[in-house]
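Throughout, a chain's letter reflects where its sequence line sits, starting with A, and its residues are numbered from 1.
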There are 2 protein chains.
Amino acid sequence: MDDTLNANARAILDIVQGAKNHPTALEVYERVRRVRPHIGLATVYRVLHQLAEAGCIKELGRDSEGCRYDAHTERHDHAICTECGALLDILLEVGVSSEALQAAAQAVGVVLSSHEVRIYGLCAACQVKE
Amino acid sequence: MDDTLNANARAILDIVQGAKNHPTALEVYERVRRVRPHIGLATVYRVLHQLAEAGCIKELGRDSEGCRYDAHTERHDHAICTECGALLDILLEVGVSSEALQAAAQAVGVVLSSHEVRIYGLCAACQVKE
DNA sequence: ATGGGTGCAAATCCTTTGCATCTGC
DNA sequence: GCAGATGCAAAGGATTTGCACCCAT
């Protein structure tokens, strides 16, 4: 999956995979610069798109900071803080029944390929601040 | 819920509620201009935030076109086209068990307030193009 | 020499902000 | 007259693009 990657792409993939959070393109840029100081921001964006296209990473939606990337490619769910926007990985033990998903998808003419549950609420840090 | 709104806010809320799709701020702006030609884009953004804050509408995540708004405030789910990004309302008849949601939220220290299921796949229009 | 990948800078796009003006009370 | 709302234009921030350059083939 990754032996075709060049040095920049390799470094970027390593960073996304090694990140504990879901880094934005800018965060990836800053981190990759420590290893490859001459890399340009445009290359980071280009490579992130390629990696997402290739399925090595996933592009999560944008929030106020920008687009976030996730190297955790197996199906999983997310918890999102309604206050600060923090995005945390979760895994629902009991998923949604796939018949229900299929039915809902069919109802709007969509060919189902995956799904994700998002739960919203206050994260631990924001509970304290309230 | 809306008798405290002024004319601009009223017009904007009407437009979001009357929209069949999930309009972006720019779309709302263009539509509200037909009714109130002097309105500024900044006011549209300000009012949309206020309405979202007040719970009259919901702010959906941003996609390539920008931030989308939804006047459909009851809990529901979405189908998202992986090709063109189209965002469609769906409702899963069989939801996720609330115990599972609670458990997952607790596991990451989040106080659960709502949830949403997202299904991904090709929308009808994009199936044809493939 | 050739083509893809790269860096830089400029351009774009959406969104926010500053500020002077206008409005309703 | 004042406080809040508004329009306009400028600023801000993320992402994309144009283009010349460089490297490996």
Side-chain angles (χ1 to χ4, degrees), chain A residues 2-16 19 21-54 56-70 83-87, chain B residues 2-16 19 21-54 56-70 83-87:
Chain A
D2 28 357
D3 44 343
T4 67
L5 301 178
N6 67 24
N8 277 336
R10 179 73 268 148
I12 289 171
L13 180 56
D14 283 350
I15 281 168
V16 179
N21 61 350
H22 302 284
T24 62
L26 245 39
E27 281 166 1
V28 172
Y29 174 59
E30 276 160 25
R31 292 182 205 170
V32 77
R33 243 144 121 50
R34 301 208 271 265
V35 182
R36 328 201 91 239
H38 280 307
I39 199 170
L41 185 52
T43 299
V44 173
Y45 277 104
R46 282 186 285 239
V47 171
L48 285 171
H49 286 159
Q50 285 163 22
L51 292 173
E53 189 80 19
C56 304
I57 60 176
K58 277 203 306 187
E59 227 172 79
L60 306 177
R62 299 183 190 174
D63 60 17
S64 48
E65 323 271 283
C67 195
R68 297 194 169 276
Y69 293 88
D70 192 346
E83 189 63 25
C84 70
L87 184 64
Chain B
D2 29 358
D3 43 343
T4 67
L5 301 178
N6 67 26
N8 276 337
R10 181 71 271 149
I12 289 172
L13 180 55
D14 283 349
I15 282 167
V16 180
N21 61 348
H22 302 283
T24 62
L26 245 39
E27 281 166 0
V28 172
Y29 174 58
E30 277 160 24
R31 292 182 205 169
V32 78
R33 242 145 122 50
R34 300 209 271 265
V35 181
R36 327 200 91 241
H38 280 306
I39 199 169
L41 184 52
T43 299
V44 172
Y45 276 103
R46 282 187 285 240
V47 170
L48 284 171
H49 286 159
Q50 286 163 21
L51 292 173
E53 189 80 18
C56 304
I57 60 176
K58 278 203 308 186
E59 228 172 76
L60 305 177
R62 299 183 191 174
D63 60 16
S64 49
E65 322 272 284
C67 195
R68 297 192 170 277
Y69 293 87
D70 192 346
E83 189 64 24
C84 70
L87 184 63

(request) Specify the angle, to 10°, made by the local axes at the two ends of the helix from C/dA1-D/dT25 to C/dC25-D/dG1 when five pairs are taken at each end. (result) 10°

(request) Sort and list the pairs that fulfil side-chain hydrogen bond (donor to acceptor under 3.5 Å, both in side chains) and have at least one residue in residues 32-54 of chain B, not counting sequence neighbours. (result) B/Asn8-B/Arg36, B/Tyr29-B/Arg33

(request) Kindly write out the residues that satisfy salt bridge (charged side-chain N to carboxylate O under 4.0 Å, His left out) with A/Asp70, not counting sequence neighbours, or none if the list is empty. (result) none

(message) Rounding to an integer number of Å, can you tell me how far A/Glu59 CD sits from D/dT15 C1'?
(response) 11 Å

(message) Nearest whole Å is fine: how far is C/dG24 P from B/Asn8 CG?
(response) 12 Å

(message) Rounded to whole Å, how long is the line connecting atom CD of B/Glu53 with atom P of D/dA5?
(response) 14 Å

N/O-N/O pairs, protein side and nucleotides 20-25 of chain D side, under 3.5 Å:
none

Please write out each protein N/O paired with an N/O of nucleotides 16-20 of chain C under 3.5 Å, distance rounded to 0.1 Å.
from   : atom 1 : to      : atom 2 : distance (Å)
C/dT16 : OP2    : B/His49 : NE2    : 3.3

(request) Find the distance B/Glu65:CD to C/dT15:P and express it as a whole number of Å. (result) 10 Å

Let me check something: any side-chain donor-acceptor pairs from residues 61-69 of chain B under 3.5 Å, sequence neighbours excluded? List them with distances.
from    : atom 1 : to      : atom 2 : distance (Å)
B/Asp63 : OD1    : B/Glu65 : N      : 2.8
B/Asp63 : OD1    : B/Gly66 : N      : 3.3
B/Asp63 : OD2    : B/Arg68 : NE     : 2.7
B/Arg68 : NH1    : B/His22 : O      : 2.6

(request) Could you list the residues that satisfy side-chain contact (heavy atoms from CB on, under 4.5 Å) with B/Glu30, not counting sequence neighbours? (result) none

(message) Using whole Å, what does the distance between atom P of nucleotide C/dC14 and atom CZ of B/Arg68 come to?
(response) 11 Å

(message) Which residues in residues 26-40 of chain B have a heavy atom closer than 4.0 Å to any atom of DNA chain D?
(response) B/His38, B/Ile39, B/Gly40

(request) Kindly write out the residues that satisfy side-chain contact (heavy atoms from CB on, under 4.5 Å) with B/Asn21, not counting sequence neighbours, or none if the list is empty. (result) B/Ala19, B/Pro23, B/Glu27, B/Arg31

